[in-house]
Amino acid sequence: MVRAETSNSYADDERVASKHKAAANTPAPCRHGMRNLRTNWQWCPCPAWGLGYVSAMSVLRTLFSGLVIALFAACGGSGKGPSSPADKPAPGVTATIRAQLTIPPNEQSLAVMRDLEGLSDAGNAEAAILHAHYLMDLFDDARFAERASSRDVLAEIAGRPKDAMRGPAATQALAELLVLDADRILELDRKSRMGQELRVLASYDAVGPANRGEVFQAMQELKRIRDKDGPLAANANLRLFGYCRSALLDAQRFDRAGQRIALSHCLYPLYSSDPEPYFAEHSEERPPPPDLAPLASKMRELASRHSDTRLGQAFASQKAWIENYSKAPGLVSKIDPLALRLPTVAHARPYDDAPILGADASSLGSEVLADGRGQVAIAFASERPATDVLKAAETISEAGADTALLLVATSQRLRVPKGDYWSRDVGDAPILRAGQIAFSLARLESTKDNPKERSADTKAAQWNAQHSDLTLHLLVSPSKWTLASPLGRIAEFAVGDKDASAPEVLQKALVEVRKAYPDEQGIILVPEPGTSVGALALAAEAAHHRPDGMPLFPRLAIASKGPKVRKGNQLAVRIARRALASISVDPEILSSKVPVAMRCYHALANTNKLKSATVRLELPEGGRLSATGGNSRLQACAKDAFAPLMKSNALRAAEVQFSATGK
């Protein structure tokens, strides 16, 4: 399976399933003639029905075998069954009969079908096969070529009014008739490939797969029938096309997440590899979503086959449909990082289908509400002024979102199996795809004349409580990047053509900050006038990730102005002193409490120079915990952090090494 290095029909995806509710068909009485192989023709009521496309992505349905039994029970009655093939010689199928099995049907087609039915009841296997094959072709011609004459003949065969031939119930009923034909063929010849394949196709129409695992299995069965190139190859191929067509029609109604899922369903009939990874919950685990252009090309290949069969017009109609679909608007355009000139970064989470801010933001609020994640993406070219991001962020905030996603270009390496959508395009080289850098809007100040100061203050307090005690800011200007806090200025880094190492230097400085303040989670970026979107993205990436791609500051926010900075360099000195601290403990089972001891050790560094020492803890059985070595403050740090865990694990001794050398 495709896996990205850096769950199952539409109904499996809860977000999409809530938007994929088909209109219910209102039941209406009608008369339905159905040939029972063990009874005479019977009549029973059924819902109104028609010949729409079979949706293989529908909800779970009753297994076909139980459904047929229920239908027979509802019809009731019994009659003398057909003669056994051994009772009398089977009449032959004439050339005249074969000549009338045309599409479109002619005036004699219905009578010929009755003749074939009689011959098959008399034990003629060839007649049973011809009857089933023609019924299947009429069925597919009515659906895929939308031919009225084929629909009318089917209405006569099924004993239905012509104007009732609409809706899923018609597909269901005719599929059941085809299953009966398949059973008749297998009764006459249990090894008949035609009978076996017919039952597969008819059962697919009658029941349909209920989850992605069943979809993959069903598509594999259809492909096997198609590739064997037998009498039903064209019928199987139409169902492959129809599954993808249903997905594309669904895609027009969905948001970006729904479109991605719908387009990914097209991979089942068009490619041989299982596309399950395309439905992964997290974007880091998914390959990039499929694009319409290659899918349309593969669908044209399907529609170009079998033009010399009775279903040639059905295939021509499908080819015309995909041509029109490819040209018509309806799908949201794909995100091409190169075409959009997005800034390039080494590490970013792949874009995850959030709404994108467009020129017209009038519907943004409803999109945010429908998406439910409170996120809106911004797709700005790298050279665009970064202050435009602030304006966009305010629009996003007014629409009810709390997070702005700056779209970037990032690379991703895929492990691609044979027969996958990407298998022809991807070798060992990574691919470029759209990524996202998330900025909280909690620190965003309004740029309007009447800012909502109370709201801004509340958000600021919330941000500090959750992510930042220092309230770190990174001011990004065209000439320098400044790392500062209300408690003091920490460092400045020159940028420009001659100083391209700013991201690396910034990362080193921020690593020291995290050593000194390991609980610090957030940093606020402030784009200053003249700064480009590309520079803002580089600064954000440097703050967000370590050089190896591991998280550095996991929470980023954006603001329009920096803090009021206290004079002096006391904060920078404190950071340098605290960053030297390290703690190790023996036995290792106590290591989970090292962060607790480190908070205590760092607190000492705020008022005194750190001291290196080894503290030994002893807990005799039935006695009290004692500490030796170091001073009383370090002993207290060690006791508070490790004593409870020593007691719960019945440890009699431990050794804690406090170091202030940075090693």
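Note that this is a predicted model, so its numbers are computed, not measured. Only heavy atoms go into these numbers, but all of them, side chains included; no hydrogens, no water, no symmetry mates. Heads up: numbering here begins at 1 and tracks the sequence.
Screening Arg256, Lys334, Arg373, Arg286 for a salt bridge (Lys or Arg N to Asp or Glu O under 4.0 Å) involving Asp353 leaves a single residue, Arg286.
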Query raised in the report: Should Leu407 and Phe380 be marked as a side-chain contact (heavy atoms from CB on, under 4.5 Å) after you check the CA-CA gap, both sets of side-chain angles, and the distance that decides it?
Result: CA-CA 7 Å; Leu407 294 188; Phe380 285 170; over 6 Å; no
Requested in this report: Any chance you could lay out the side-chain contact (heavy atoms from CB on, under 4.5 Å) test for Tyr421 and Asp291, step after step, and finish with the verdict?
Outcome: CA-CA 10 Å; Tyr421 168 86; Asp291 184 27; 3.6 Å; yes
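Within 6.0 Å of NZ on Lys593 lie no more than 12 heavy atoms contributed by other residues, nucleotides or ligands.
With sequence neighbours excluded, no residue forms a ring-ring contact (aromatic ring centres under 6.0 Å, His included) with Phe553. When the salt bridge (Lys or Arg N to Asp or Glu O under 4.0 Å) test is applied to Arg599, the partners found at least two apart in sequence or on another chain are Asp519. Applying the salt bridge (Lys or Arg N to Asp or Glu O under 4.0 Å) criterion to Asp586, with sequence neighbours excluded, gives no partner residue. Partners of Lys611 by salt bridge (Lys or Arg N to Asp or Glu O under 4.0 Å), not counting sequence neighbours: none found. Shown here are the ring-ring contact (aromatic ring centres under 6.0 Å, His included) partners of His545, two or more places apart in sequence or in another chain: His347.
Checking side-chain atoms of Gln570 against main-chain N and O of Gly488 turns up no donor-acceptor pair under 3.5 Å. In this structure, His473 contributes its side chain and Gly562 its backbone to no donor-acceptor pair below 3.5 Å. Under the 3.5 Å distance criterion, the side-chain polar atoms of Thr482 are left unmatched by any main-chain donor or acceptor of Leu475. A donor-acceptor pair under 3.5 Å is formed between the side chain of Arg514 and the backbone N or O of Glu520. Using a distance-only test at 3.5 Å, with no hydrogens or angles considered, a donor-acceptor pair links the side chain of Ser485 to the main chain of Leu470. Under the 3.5 Å distance criterion, the side-chain polar atoms of Gln635 are matched with a main-chain donor or acceptor of Gly629. Under a 3.5 Å cut-off, the side chain of Arg577 and the backbone N or O of Ala605 do form a donor-acceptor pair. A distance-only check finds a donor-acceptor pair linking the side chain of Thr531 to the backbone of Val476 [under 3.5 Å]. For the pair Asn649 (side chain) and Leu651 (backbone), a donor-acceptor distance under 3.5 Å is absent. Although no hydrogens or angles enter the test, the distance criterion places a donor-acceptor pair under 3.5 Å between the side chain of Gln436 and the main chain of Asp352.
To the nearest 0.5 Å, atoms OG (Ser648) and CD1 (Ile589) are separated by 7.5 Å. Rounded to the nearest 0.5 angstrom, Gln259 CD and Phe254 CZ are separated by 9.5 Å. Taken from CD1 in Ile378 to CD1 in Ile356, the straight-line distance is 10.5 Å, to the nearest 0.5 Å. Leu474 contributes atom CG, which lies 10.0 Å from atom CD1 of Ile490 (distance to the nearest 0.5 angstrom). Atom CG of Asp255 and atom CD of Glu367 lie 8.5 Å apart (nearest 0.5 Å). Taking CZ of Phe642 as the start and CD of Glu655 as the end, the distance is 12.0 Å to the nearest 0.5 Å.
Between Asp336 and Leu342, every side-chain heavy-atom pair lies at or beyond the 4.5 Å cut-off.
Residue pairs meeting the salt bridge (charged side-chain N to carboxylate O under 4.0 Å, His left out) criterion with at least one member in residues 374-387, sequence neighbours excluded, are Arg341-Glu383, Arg384-Asp388.
A salt bridge is defined here as a Lys NZ or Arg NE, NH1 or NH2 lying under 4.0 Å from an Asp or Glu carboxylate O, and Arg546 with Asp548 fails to meet this definition. Remark: Lys391 does not engage Glu394 in a salt bridge, criterion side-chain N to carboxylate O under 4.0 Å.
In this structure, Arg260 fails the cation-pi test against Tyr278, since its NZ or CZ atom is not both closer than 6.0 Å to the six-membered ring centre and inside 45 degrees of the ring normal.
Taking the six-membered ring for Trp and the full ring otherwise, His265 and Phe279 have centroids separated by under 6.0 Å.
Judged by distance alone, the side chains of Ser440 and Arg555 never bring a donor and an acceptor atom under 3.5 Å apart.
Contact detail for Val565 and Ala484: the closest heavy-atom pair is CG2-CB, 4.1 Å.
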